[in-house]
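Heads up, the thing below is written out as structure tokens.
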Amino acid sequence: MAQSVGIKDVARAAGVSVGTVSNVINRPESVASETRARVLSAIDRLGYVRSESARQLRAGRSRIMGLLVLDMGNPFFVDVARGAERAARDAGLGVMVCNSAQNSAEEADYLSLFAEQRVRGVLLTPADATGRNIAAFRRHGIPFVLVDRVAEGATECSVSVDDVAGGALAVRHLVDAGHRSIAYVSGPPGLNQVRDRRTGALNALAEAGLGPDALRELPTERLDVAAGRDAGARLLGLADRPTAVFCANDLLALGVLQALYAAGVTVPDDLAIVGYDDIEFAAAAAVPLTSVRQPAVTMGALAAELLLEETEYEAGERTGPGAHEHRRVVLQPELVVRRSSLAAR
């Protein structure tokens with residue numbers, strides 16, 4: 001196995017001191033051009049790469065931001081990651097993306113890993129409904145921002161979408177199309193997003209003079225296509241089947257659509273569908289899917305910017321009036337209407 005090249009090897013090859021090599025790497029303007037060229041030539045010839053982890057330990061400042069999401073198989077979170085990565089890159093940082101898979105134990109493991117790696121800060125979409133993982137992580141003193149979740153206290157920032165408004169948009173659209181019995185494929189009940197979207201759906205029904213019994217909930221253990229197919233099979237088995245279905249995300253909606261298609265049920269004539277997130281696949285489905293759009297890229301970018309602001313104030317890298325104040329940023333959703341919900345009742 002080849003040995004790694006160290007700074008002493010570079011100094012020896014260039015005929016300079018270790019301090020001079022360090023200056024070329026960290027403060028090149030302080031070194032004479034001829035000496036700098038000789039050191040850079042040695043670095044290139046030897047293939048030297050500086051140890052970023054060692055530099056971080058000396059400086060006490062990481063150039064890595066952690067991002068922990070519920071499901072990287074969901075294109076919504078891919079877009080969140082893209083927005084966060086863009087903002088981090090503009091600040092000269094990288095992003096370590098991890099996937100809790102909607103599992104609180106895996107979430108706890110990744111939060112411990114972030115603490116061990118001394119990341120600059122963390123962007124987190126919580127999987128643990130009890131809040132214990134967040135409470136344990138808070139003891140490390142590492143700043144974090146909640147993504148796709150509203151912060152309940154004043155100890156951290158959050159960036160989210162108004163899911164109550166989003167649920168209302170979806171069901172109001174279905175009610176306006178003449179539907180009076182609607183299924184809600186809801187996902188894990190412990191997730192705030194699932195509960196908020198149901199609250200919005202019930203609000204829209206109440207506005208139309210309909211009671212909560214007009215919404216038939218079909219919970220699922222996960223928020224993926226397979227869970228949607230299972231919910232679609234259960235929906236088809238109902239004796240008094242609703243005429244429309246609202247799904248807590250687009251992956252569930254695509255799974256429901258697959259189950260209906262396999263059973264010969266026509267969408268939207270026999271049953272209308274509305275999803276949530278407006279992922280890229282929604283418009284490309286066999287029946288283009290009506291969906292509540294979340295500005296996922298914007299959400300990720302704003303969360304990263306809030307985290308950067310907090311860490312820069314803490315390190316004294318950013319100055320100005322006052323200090324960082326924790327903020328709750330709530331973005332507004334938008335209904336994107338496509339063919340899956342357009343049949344008149």
Side-chain angles (χ1 to χ4, degrees), residues 4 49-149 151-153 155-160 188 190-193 222-224 296 299-315 317 324 326:
S4 60
V49 177
R50 71 174 179 176
S51 171
E52 180 62 19
S53 59
R55 190 198 67 81
Q56 288 175 189
L57 286 172
R58 289 192 299 272
R61 298 283 288 162
S62 172
R63 293 180 57 244
I64 298 297
M65 177 187 298
L67 171 63
L68 181 55
V69 301
L70 291 177
D71 181 11
M72 279 306 294
N74 186 339
F76 166 76
F77 287 111
V78 174
D79 285 343
V80 169
R82 194 166 76 243
E85 190 273 337
R86 186 180 302 163
R89 187 179 63 232
D90 288 345
L93 304 182
V95 178
M96 180 193 298
V97 182
C98 297
N99 176 26
S100 72
Q102 303 173 44
N103 183 292
S104 61
E106 292 192 30
E107 176 181 82
D109 289 342
Y110 279 123
L111 289 175
S112 294
L113 175 64
F114 289 152
E116 291 170 6
Q117 295 297 315
R118 300 172 64 177
V119 297
R120 176 78 62 97
V122 174
L123 306 178
L124 170 64
T125 302
D128 175 30
T130 70
R132 285 193 291 265
N133 286 343
I134 289 178
F137 184 70
R138 191 178 279 118
R139 293 197 295 267
H140 295 291
I142 298 174
F144 64 93
V145 174
L146 299 182
V147 183
D148 197 29
R149 174 76 61 84
E152 296 179 359
T155 55
E156 59 266 346
C157 292
S158 65
V159 182
S160 62
L191 292 178
N192 286 10
Q193 298 92 324
R222 299 185 63 79
L223 291 162
D224 55 25
M299 191 184 304
L302 286 175
E305 289 166 5
L306 286 173
L307 185 61
L308 286 165
E309 178 187 297
E310 181 175 357
T311 60
E312 288 168 1
Y313 267 114
E314 285 188 354
E317 296 171 0
H324 172 79
H326 294 302

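On a predicted model such as this, the values are computed, not experimentally measured, just so you know.
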Inset, instruction - Check whether any side-chain N or O of Arg63 sits under 3.5 Å from a backbone N or O of Gly94 as a donor-acceptor pair, and report yes or no. - result: no
Inset, instruction - Please check if the side chain of Asp128 supplies one atom and the backbone of Ala108 the other of a donor-acceptor pair under 3.5 Å. - result: no
I need the [X] [atom1] to [Y] [atom2] distance, nearest 0.5 Å.
X      : Y      : atom1 : atom2 : answer
Asp224 : Leu70  : CG    : CG    : 12.0 Å
Glu309 : His326 : CD    : NE2   : 10.5 Å
Leu223 : Gln193 : CG    : CD    : 8.5 Å
Glu106 : Cys98  : CD    : SG    : 10.5 Å

Identify the two heavy atoms, one from [X] and one from [Y], that lie closest to each other, and give their separation to 0.1 Å.
X      : Y      : result
Met72  : Val78  : O-CG2, 3.7 Å
Asp79  : Ala296 : CB-CB, 3.6 Å
Leu306 : Cys157 : CD1-CB, 4.0 Å
Ala129 : Gly190 : CB-O, 3.5 Å
Tyr110 : Asn99  : CE1-O, 3.3 Å
Phe76  : Asp148 : CE2-OD2, 3.8 Å

Inset, instruction - With side chain to side chain contact (heavy atoms under 4.5 Å, CB included) as the test, would you mind laying out the steps for Leu146 and Ile134 before giving the verdict? - result: CA-CA 10 Å; Leu146 299 182; Ile134 289 178; 4.0 Å; yes
Mind checking whether [X] and [Y] have side chains closer than 4.5 Å, heavy atoms only?
X      : Y      : answer
Val80  : Val147 : yes
Leu93  : Arg120 : yes
Val95  : Leu123 : no
Phe144 : Leu111 : no
His140 : Arg118 : no
Glu85  : Val97  : no
Phe137 : Leu124 : no
Arg149 : Ser158 : no

Legend entry - Residues Ile142, Phe114; criterion side chain to side chain contact (heavy atoms under 4.5 Å, CB included); working and verdict: CA-CA 9 Å; Ile142 298 174; Phe114 289 152; 5.5 Å; no
Inset, instruction - Just do the side chain to side chain contact (heavy atoms under 4.5 Å, CB included) check on Arg138 and Glu156 with the steps written out, would you? - result: CA-CA 10 Å; Arg138 191 178 279 118; Glu156 59 266 346; 2.8 Å; yes
Inset, instruction - Kindly indicate, with the supporting measurements, whether the criterion side chain to side chain contact (heavy atoms under 4.5 Å, CB included) is fulfilled by Arg82 and Arg86. - result: CA-CA 6 Å; Arg82 194 166 76 243; Arg86 186 180 302 163; 3.9 Å; yes
